[in-house]
Amino acid sequence: MFKRMDEIMIEIPDVEKPDPNAAAAVQELLGGKFGEMSTLNNYLYQSFNFRSKDKLKPFYDLVMSITAEELGHVELVSHAVNKCLRGSTEYKKPDSSPLESVKDARLSYPFLAGAQGAMPFDSMGNPWTGANVFNSGNLVEDLLHNFFLECGARTHKMKVYEMTDHPAARAVVGFLLVRGGVHVVAYAKALEIATGVNVTKLVPVPSLSNKLFTEAKKYEEKGVHTKLYTWSDKDFSSIGQIWKGTHPEDGLPLEVIEGAPEGVPIPESPELKEEFAPGISAEEFKEIAKRLKMAGNITD
């Protein structure tokens, strides 16, 4: 089961800088082959199908806990896309073509099939596919795939960071570079325990320090790259048998934290009259409120 909070992992800057093409680039980190939907669903199905989980509990716990964090990453990237799209259009009467300003946007689907929000697509508008999920049932093979997947995801994050200077995009990508780096090291350590091969000697892949990225450096200075969360009140504590020792890049001690990190409120998304969203007028809202009061037997 999953527990959900009305929070996201970090605060995303709220700036008046609409950039649909930046949003399109960030979409790669959501629905691309190495995007957060891929990491989430790879680990999700590996956790569903895990063999001999009692005998191999530390590895099972690792996949389970990282799965939960990936749900938060999908959420975070989606809100980054939304922040990049915000303000792309403004309300005018239909005959005034209020959406004309985005007709040449590189990715127009969020304007035509949504309400200027994140979609389960890559940067070119290709829908995410379950064909991106790898689950062999072989522990070492799956761990090796996960290590490769996280390294590929890290490469794409770096490229998106270099592609746009939008504050919302960079804030999220910088944070995810750090947290994705945690998962890279975690899978490398798991492979070392499973095979005896010191895979941590390969990191970082690409061979570029997160500290070169301003929006990532500030999190590493706080030690965010040394912490692995259980994302559970009482389960998955066996990850401490894998996530231990020191970080292979800077030698800082690694720490397992029970539960989830403290988040921040999910940002409010304003109405978009030109997109007919949410499509409720002030008068209709009053009527809805009246019906809710009646249903709840609430009196003024």
Side-chain angles (χ1 to χ4, degrees), residues 4-32 35-37 69-92 98-102 105-121 123 156-180 210 213-222 224 260-282 285:
R4 186 168 186 178
M5 289 80 77
D6 193 17
E7 298 176 338
I8 53 176
M9 297 181 73
I10 63 167
E11 187 172 356
I12 307 175
D14 193 9
V15 297
E16 291 298 324
K17 186 183 178 182
D19 192 340
N21 289 335
V26 178
Q27 280 281 164
E28 188 66 29
L29 305 184
L30 181 60
E36 301 297 343
M37 290 185 65
E69 180 164 354
E70 294 296 347
L71 275 166
H73 290 184
V74 170
E75 180 179 49
L76 198 58
V77 173
S78 296
H79 284 287
V81 170
N82 294 350
K83 286 288 184 82
C84 291
L85 290 172
R86 182 175 296 182
S88 297
T89 61
E90 60 182 20
Y91 176 71
K92 293 183 288 187
L99 298 182
E100 184 179 20
S101 61
V102 294
R106 191 168 61 77
L107 191 59
S108 60
Y109 203 74
F111 301 98
L112 295 171
Q116 302 185 31
M119 308 289 277
F121 300 137
S123 58
H156 285 200
K157 291 182 182 81
M158 289 178 169
K159 291 175 180 177
V160 171
Y161 190 100
E162 293 178 332
M163 191 173 284
T164 175
D165 63 354
H166 193 285
R170 282 205 165 176
V172 169
V173 176
F175 175 77
L176 292 179
L177 274 172
V178 176
R179 292 308 302 167
N210 285 341
F213 300 82
T214 300
E215 291 295 332
K217 179 182 177 182
K218 65 183 183 183
Y219 289 109
E220 293 213 339
E221 289 174 344
K222 296 177 182 178
V224 174
E262 185 177 346
V264 300
I266 291 178
E268 176 77 12
S269 293
E271 66 178 0
L272 280 174
K273 291 183 179 180
E274 65 271 30
E275 295 272 15
F276 324 114
I280 304 295
S281 67
F285 176 80

Test item: [X] and [Y] side chains (from C-beta on) under 4.5 Å apart, heavy atoms:
X	Y	answer
Ile8	Pro267	yes
Tyr91	Glu271	no
Lys217	Asn210	no
Phe213	Val173	no
Leu176	Glu36	yes
Val102	Ser108	no
Pro120	Met37	yes

If you measure from [atom1] on [X] to [atom2] on [Y], what distance do you get to the nearest 0.5 Å?
X	Y	atom1	atom2	answer
His156	Leu177	NE2	CG	12.5 Å
Ser88	Asp19	OG	CG	8.0 Å
Ile10	Phe175	CD1	CZ	5.5 Å

Kindly give the heavy-atom pair with the smallest separation between [X] and [Y], and that separation in Å.
X	Y	answer
Val160	Ala25	CG2-O, 3.7 Å
Leu30	Met119	CD2-O, 3.3 Å
His73	Met9	CD2-SD, 3.6 Å
Ala80	Ile12	N-CD1, 4.0 Å
Ala24	Arg106	CB-NH2, 3.2 Å
Pro110	Leu85	CB-CD1, 4.2 Å

Using distance only, find each side-chain donor-acceptor pair of residues 164-172 under 3.5 Å and give its atom names and separation, not counting sequence neighbours.
| residue | atom | partner | partner atom | Å |
| --- | --- | --- | --- | --- |
| Thr164 | OG1 | His166 | N | 3.0 |
| Asp165 | OD1 | Lys17 | NZ | 2.9 |
| His166 | ND1 | Ala168 | N | 3.1 |
| His166 | NE2 | Lys17 | O | 2.7 |
| Arg170 | NE | Tyr161 | O | 3.2 |
| Arg170 | NE | Thr164 | O | 2.9 |
| Arg170 | NH2 | Tyr161 | O | 3.2 |

Any pair with a residue in residues 77-91 that passes salt bridge (charged side-chain N to carboxylate O under 4.0 Å, His left out), sequence neighbours left out, goes on the list, sorted by first then second residue, please. Asp14-Arg86
Any residue meeting ring pair (Phe, Tyr, Trp, His ring centres under 6.0 Å) with His79, in chain and number order, not counting sequence neighbours: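 Partners of His79 by the ring pair (Phe, Tyr, Trp, His ring centres under 6.0 Å) criterion come out as none, since no residue qualifies.
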Residue list, ring pair (Phe, Tyr, Trp, His ring centres under 6.0 Å) with Phe121, at least two apart or on another chain: Tyr109
Test salt bridge (Lys or Arg N to Asp or Glu O under 4.0 Å) applied to Glu69 - qualifying residues, sequence neighbours left out: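 By the salt bridge (Lys or Arg N to Asp or Glu O under 4.0 Å) rule, Glu69 matches Arg179.
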Under the 3.5 angstrom rule, does the side chain of Asp6 hit a backbone N or O of Ile266 as a donor-acceptor pair?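 Absent.
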In this structure, are over 12 heavy atoms from other groups packed under 6.0 Å from Met163 atom CE? no
Residues, nucleotides or ligands: over 12 heavy atoms within 6.0 Å of Lys159 NZ: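 It does not: Lys159 NZ has 12 such atoms or fewer within range.
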For Thr89, all residues meeting side-chain hydrogen bond (donor to acceptor under 3.5 Å, both in side chains), sequence neighbours excluded: Gln116, Glu274
Check the pair Glu75 / Arg4 against salt bridge (Lys or Arg N to Asp or Glu O under 4.0 Å), numbers first and verdict last. CA-CA 11 Å; Glu75 180 179 49; Arg4 186 168 186 178; 3.6 Å; yes
